[in-house]
Each structure stands twice: as C-alpha cells, then as structure tokens.
Number of protein chains: 2
Amino acid sequence: MSKITIQEIADLAGVNKATVSRVINGNRNISEKTRLKVEAIMKQHNYVPNSIARGLAFNKTFTVGFCSDYTDKRAFANPFFYKVLQGIEEIVYNHDHMFLMMSDHDHDNKKSQSTFERVVVEHRVDGLIIPNSLLNERNYELLVKHEMPYVVTGENMLSKDGVPWVDIDNVQAGQILTEHLIDLGCREIMIYAGGAAAERDKFIADRLKGYRKTMENHRLEVRIIEQAEVLKSLYGSESSESAVEGRPEALICCTHEQLFEILDFENGNPLLSEIALATFDDFPMSKYMKHPVHFVEVDLEMMGKAAASMLFSLMNKEPGVPKSVSIATRIGS
Amino acid sequence: MSKITIQEIADLAGVNKATVSRVINGNRNISEKTRLKVEAIMKQHNYVPNSIARGLAFNKTFTVGFCSDYTDKRAFANPFFYKVLQGIEEIVYNHDHMFLMMSDHDHDNKKSQSTFERVVVEHRVDGLIIPNSLLNERNYELLVKHEMPYVVTGENMLSKDGVPWVDIDNVQAGQILTEHLIDLGCREIMIYAGGAAAERDKFIADRLKGYRKTMENHRLEVRIIEQAEVLKSLYGSESSESAVEGRPEALICCTHEQLFEILDFENGNPLLSEIALATFDDFPMSKYMKHPVHFVEVDLEMMGKAAASMLFSLMNKEPGVPKSVSIATRIGS
DNA sequence: CTGAAAGCGCTAACAA
DNA sequence: TTGTTAGCGCTTTCAG
C-alpha cells in the first residue's frame with residue numbers, strides 16, 4: 001500500500017514525472033491547468049511523496065531532533081517538562097518538518113556510539129536541540145565537524161563562544177525568589193548551592209548570583225551551604241545552643257534533587273518543618289505537600305518555541321541570529 | 001564533512017563499490033584480505049554509510065517510533081513514565097535500530113495531518129509503539145492500510161481483534177490494592193470509577209473488576225462512585241447524619257486525575273483527611289504529601305522491553321508471536 | 001511550460 | 001570472490 005510512486009502519478013496524469021515533482025514542490029513554472037490536473041490525481045490516490053527518496057535527492061531529512069538526557073533529573077523528573085516539547089513541536093510543524101525525540105545519556109564508555117552520535121554522524125536530522133548537560137567537549141566537536149545546526153537548552157557550561165542557547169533567566173529567577181521570601185517576612189535566608197555544582201552548572205551559579213545580589217541590596221547576610229550536612233548538623237540531635245541560633249528561616253534549593261534531599265531529611269526531623277522551603281523550576285505539587293514549597297514559574301512552552309525558532313534560523317543560515325535567549329520567570333503558586 | 005561516499009571508499013581501496021557494500025553488510029562471500037583492506041580504509045576516513053540512501057535501497061528506515069499522547073495524563077503527568085522509554089530503547093539499540101519519539105494528540109480537526117499520520121503515511125519508521133489512547137478507528141485503519149507493524153501500550157479499547165498490546169495487569173492491580181487496604185484494616189472501601197470512563201477505558205473496567213472480586217471474596221460491600229460529587233456530598237457542609245454514616249474508610253481512585261480531583265476537594269474539607277487514599281501507577285511523591293496515598297508499583301522498564309520485543313517480532317514476521325502481554329504489579333511504598 | 005536524462009548513495013541481481 | 005549494471009523514488013539541470 002502507498003506503493004504509489006511519482007511515476008505512476010505522472011502516467012495517470014499523462015505528464016512527465018518531472019512535472020509532478022514541480023507541482024509537489026510548488027514550482028511556479030507550470031500551467032494552472034496541468035497543475036490542477038496533477039493535484040487532482042494526487043489527491044484521488046492519496047499520493048504522498050516518499051520522504052526517504054526526497055531526502056536523498058535534497059540531501060535533507062526535513063526533520064529536527066530533540067535529544068533529552070536520561071540522567072538530567074531537572075528535565076524528566078519534572079512532569080511539566082513536556083510543555084517545552086509542545087512549544088518546540090508547534091514551531092516545527094509550522095515549518096513543515098518532523099519532530100523526532102531521542103534520549104541519551106552522557107555515558108563515558110565509548111564502547112558503542114551514543115544515540116546522539118549516531119544521529120549526528122548519520123545525518124538523521126537537519127538540526128538538533130539538546131540539553132546543556134549533553135554538550136560536552138566531545139559532542140561539541142562532533143556537531144561542529146558534521147556542521148550540524150543545534151541549539152542548547154540551558155546555558156552552556158562549555159567554555160566555547162558562539163554556542164547558541166535558550167534558557168530561563170536564572171539570575172532574575174534567583175532575585176525574585178529571594179525577594180518573595182523577604183516579602184514573606186524572612187530575614188535569615190540560606191541558599192543550598194553546592195560549590196562543585198556551581199562550578200559545573202552555570203544555572204546554579206546564576207541562581208546564586210541573583211540570590212546574593214538581592215540579599216546584599218537588603219543588607220541581609222548571605223549564607224551559602226554547599227552540602228546538606230551543614231544544614232543537617234544545625235538540626236541534628238546533638239544540636240548545641242549555637243546550632244539552634246544558626247537555623248535559618250528559609251532555605252532556597254537550587255535544584256529539585258537538593259530539595260528532595262532536604263525533604264527526605266525532614267521526615268526524621270520535625271524541627272525542619274519550621275523552615276520555609278523554596279526552589280526553582282515549576283513545582284506545582286507544592287500545594288499537596290506536607291511541607292509547601294515556594295517556587296518560580298517558567299513559561300516552558302515559550303522556551304521551546306524560542307529554541308525551535310532559533311534552530312530554524314540557524315538551519316536557514318539567516319544572518320544576524322541572536323546567539324542566546326533568556327526567558328524571565330515569575331513566582332508561582 | 002562526512003561527505004565521503006561508498007564510491008570514494010571503493011576507489012581508495014581499489015575495489016568496486018559493490019564490494020564495499022558487501023563488507024558493510026557483512027556478506028560472507030568476500031576474501032578476508034579485501035575485507036580487511038576495505039575496513040581499514042573505512043575506519044581511516046571514518047566513513048559512515050548514508051542512512052537515507054540505505055533506507056531508499058532497502059526500503060526500510062531502521063527506525064522504530066514511539067508516539068506519546070500529549071493529552072494522556074496517565075503518561076506524561078507521570079514523571080516515571082520515562083522508564084518505559086528506557087526499556088524500549090534498550091531493546092531497540094540491541095537490534096541496532098534508531099528510536100524516535102514523537103508526540104501527538106488525538107486532535108479531531110482533520111485540517112492538518114497529525115504527526116502520527118504523517119509518520120505512518122510517509123513510512124518514516126519501520127514499526128511503531130503507540131499508546132492505547134491514540135488507537136482510534138481512524139488510526140487503526142491507517143496502520144492496517146499501510147501495513148505498519150505496531151504495538152499498543154495499554155490494552156486496546158477498540159473492538160478489534162488481533163491488536164497487539166502490552167499493559168500492566170489491571171485486574172491484578174485492582175486486587176492487590178484492595179487487598180492492601182483490607183490488610184490495613186479498612187472495611188468500607190469505595191472506588192471512584194466513572195461509568196462513562198469505565199466504558200471508554202478498558203483499564204478502568206479492569207481495575208474495577210479486581211476491586212469487585214476482592215471485595216466480594218471478603219464479603220465486603222462494593223461501593224462504586226462515578227462522580228466526585230457523590231463523595232463530596234458526603235463531606236459537604238450540610239452533611240446529614242446519614243452522610244456521616246456513609247463515609248468510607250478508604251477510597252481508590254482509578255486515575256491520577258481522579259486522585260487530584262479528590263485532593264483538591266480535600267484542601268477545603270479537612271474531614272476528608274481521615275480517609276485512606278489509593279491509586280494506580282507509581283506515585284512515589286506520596287511520602288512528601290500531606291495526605292499519603294497508597295499505590296501500586298509497576299515495572300515500567302519491563303513494560304517497555306516487552307512492547308519493543310513484541311514489535312520486533314512483528315516486524316520480522318516471526319510466527320507465533322503472542323498478541324498481548326500483561327505485567328503483574330505490586331504494592332509500592 | 002514541459003520532457004528527457006542524469007544523479008543523490010546504496011543494494012542486489014547477474015555475470016565473469 | 002569480484003565487477004557490472006540496474007534500479008530504489010525523487011529532484012534538477014538542460015533542451016525543446
């Protein structure tokens with residue numbers, strides 16, 4: 001079925017297949033009459049051009065890929081992650097392309113090619129949207145070498161210039177979240193942002209920066225903890241007088257993992273329930289939780305749209321494409 | 001880059017491209033000597049056969065697709081849904097295929113083709129795994145017409161024979177969940193399973209069946225509510241004496257949507273907090289919630305593997321392929 | 001405006 | 001064991 005080829009359509013319409021090809025591709029050099037005739041025949045037999053053959057001739061796939069990272073909790077553990085996809089898809093379909101998702105993990109064992117690698121090397125897509133976490137040195141080289149257009153979601157941590165990315169404005173997010181806690185009356189606000197993590201992940205460094213700036217504006221003390229142990233000791237069983245003194249009114253967790261680490265700790269430490277918790281990325285489960293969590297709301301769909309739009313601009317080699325987009329956030333509820 | 005073709009490899013190796021093709025495809029009729037030579041040249045130039053061209057020649061894509069349904073809350077709203085994907089991917093890579101995800105929604109407006117339709121009609125994949133919710137009459141016809149092998153996740157609700165599916169054993173799940181609540185000491189156990197929904201969705205009917213069987217075994221009263229209103233009235237402000245009497249000790253919600261409907265209602269009705277809640281599909285957030293939720297644990301990775309394995313069997317036209325797989329569940333924590 | 005022919009990169013008979 | 005020759009289905013010169 002669907003075996004019907006351009007040649008058969010041509011025969012049926014009594015024209016050459018080149019003519020059929022012209023109507024398929026909207027070539028203007030064609031008489032209204034034959035165009036209509038061919039179109040009718042195509043419709044009648046619901047002919048659909050074979051995309052593989054088309055791809056071979058055009059040396060294109062008419063497909064953009066999205067690679068998600070299995071190990072990226074920030075993405076998949078967030079049930080609202082799919083909104084990004086929705087945004088991407090809308091743009092992709094408007095451009096009459098296919099949207100293909102693949103998943104991958106940054107596996108170090110080079111024994112077998114990663115999905116990502118195969119897709120790039122085999123040119124299975126014309127462009128790629130990948131998460132920050134997948135843009136390591138090796139993958140970067142690969143993309144460049146194969147001249148594969150790409151956009152990164154999440155600001156890149158690679159010290160490369162010119163890597164195009166789309167991300168939420170993490171500095172601003174850090175600011176408004178801190179501002180929100182201050183509005184709530186908190187003064188002693190601590191932030192859980194690992195030193196190593198902040199080095200590795202730009203988004204953590206930025207969130208920290210937003211926090212720091214806000215606290216300093218309000219002349220409040222900046223208190224950063226890098227490991228949960230520090231916090232735990234403040235609430236430990238042998239807590240000294242000074243530990244009790246050191247307890248903050250609020251704690252900002254830079255990632256959901258950090259948040260859950262604290263929440264898990266809390267299950268054995270009712271004292272912790274006094275603290276106001278806050279985190280980034282949508283967290284709509286908050287209202288059902290024992291311990292409510294303040295969070296920042298992100299227009300993820302917009303983020304997806306921005307990424308896809310940027311990708312198409314790159315694919316079309318449009319001049320003057322902005323190399324990055326930051327998306328503002330607001331306090332969620 | 002990567003422009004290197006089979007012809008150039010052939011020239012470099014001083015052989016015919018057919019010979020190169022033979023080593024690519026592991027043809028046995030080739031001398032060890034030339035095979036090694038060609039392989040060396042290929043490696044040296046990291047030659048990768050163009051998959052598009054290969055696809056055209058083979059009339060295959062070496063790709064299997066997975067279509068997820070945006071509107072299917074049961075899938076995407078569940079952060080652990082990706083485990084299914086992990087299972088699928090493992091099998092797919094073992095078969096040296098690509099795995100491509102697309103998302104779709106059962107949009108009734110026929111104005112534009114759905115992604116699903118395009119993928120099928122254009123033969124972008126050799127086989128497809130799709131959720132139950134996408135297998136409507138129209139899509140079914142399409143798959144059959146285009147002879148596209150497919151497997152459905154979630155038992156099919158279409159009254160078609162021979163639709164291959166993989167699902168959790170929903171009857172068993174209903175049983176163990178009910179059994180679990182009984183073990184906990186509950187006697188008045190109500191189940192929220194919409195009448196219309198149970199008609200439409202086989203999985204609801206099955207869960208209900210498991211509940212019913214267990215309750216009857218224990219000589220307990222089967223109490224089914226089809227709309228949240230019934231329950232709400234039992235807890236409403238003007239609750240009569242009889243309403244209070246009618247309050248169950250436990251409530252089983254057949255879907256997460258139903259569960260959240262109850263949880264949202266609860267926010268204004270502390271009385272409801274007395275009730276034991278239970279639901280299906282993994283719900284690991286339970287331990288962080290104000291109101292803990294009993295749930296059934298599913299080996300989603302296994303489900304993915306089963307679906308993919310079945311698909312490959314179908315693609316290879318293996319004889320005697322079982323038409324369905326039911327996967328047992330256990331109580332989660 | 002339309003047709004004929006070459007070719008995209010690879011595979012698969014059929015010969016040699 | 002290897003080379004030759006057609007295609008796979010479509011696009012795209014280049015003539016007419």
Side-chain angles (χ1 to χ4, degrees), chain A residues 1-39 41-42 45-63 96 98 118 121-124 126 146, chain B residues 1-39 41-42 45-63 96 98 118 121-126 146-147:
Chain A
M1 192 45 218
S2 190
K3 287 282 200 186
I4 186 152
T5 116
I6 196 174
Q7 184 61 66
E8 310 185 54
I9 295 292
D11 294 347
L12 255 20
V15 297
N16 186 280
K17 61 181 184 166
T19 304
V20 178
S21 174
R22 287 189 185 98
V23 347
I24 292 172
N25 295 290
N27 192 313
R28 313 267 290 103
N29 297 331
I30 221 175
S31 75
E32 186 72 1
K33 196 170 122 254
T34 56
R35 190 173 59 71
L36 289 174
K37 184 169 62 185
V38 172
E39 275 172 352
I41 305 273
M42 293 201 305
H45 295 261
N46 14 56
Y47 163 73
V48 177
N50 178 318
S51 62
I52 304 283
R54 235 156 156 248
L56 185 56
F58 274 126
N59 198 28
K60 272 190 173 194
T61 61
F62 303 102
T63 300
D96 207 43
M98 294 259 85
R118 288 181 58 175
V121 169
E122 299 179 13
H123 283 274
R124 303 292 278 247
D126 297 334
H146 289 272
Chain B
M1 195 43 218
S2 192
K3 287 280 199 189
I4 187 153
T5 109
I6 195 173
Q7 183 63 65
E8 310 185 56
I9 295 292
D11 294 347
L12 254 19
V15 297
N16 188 280
K17 61 180 184 166
T19 305
V20 178
S21 174
R22 286 188 186 103
V23 349
I24 292 171
N25 295 290
N27 191 313
R28 314 266 288 102
N29 297 331
I30 223 177
S31 75
E32 185 72 3
K33 197 171 120 248
T34 57
R35 190 173 58 71
L36 289 174
K37 183 169 61 186
V38 172
E39 275 172 352
I41 305 274
M42 295 201 303
H45 295 259
N46 14 55
Y47 162 73
V48 177
N50 179 317
S51 62
I52 305 283
R54 250 168 137 237
L56 184 57
F58 273 127
N59 197 28
K60 273 190 173 192
T61 60
F62 303 101
T63 300
D96 207 44
M98 294 258 83
R118 289 181 58 176
V121 169
E122 299 178 14
H123 283 273
R124 303 292 279 247
V125 296
D126 298 333
H146 290 271
E147 295 172 2

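Here is the naming used below: chain letters follow the sequence lines, and residue numbers restart at 1 for every chain.
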Taking the side chain as C-beta and beyond, is there a heavy-atom pair between K37(B) and V23(B) under 4.5 Å? no
Close side-chain approach of H123(A) to T61(A), heavy-atom, < 4.5 Å: no
Could you grab the distance from atom CD1 of I4(B) to atom CG of N50(B), nearest 0.5 Å is fine? 13.0 Å
Supply the atom-to-atom distance T19(A) OG1 to N29(A) CG, rounded to the nearest 0.5 angstrom. 11.5 Å
Any chance you could list the contact pattern along nucleotides 5-16 of chain D? Use B for base contacts, S for sugar-phosphate-only contacts and - for none, protein heavy atoms under 4.0 Å, 5' to 3'. ---BBBBBB---
M42(B) and I24(B), any side-chain heavy atoms less than 4.5 Å apart: yes
Do the non-hydrogen side-chain atoms of N25(B) and R54(B) ever get within less than 4.5 Å of each other? yes
Of all heavy-atom pairs between I9(A) and H45(A), which one has the smallest distance, and what is that distance? CD1-CB, 4.4 Å
Chain B reaches DNA chain C, atoms under 4.0 Å from its heavy atoms, from dG9(C) to dA13(C)
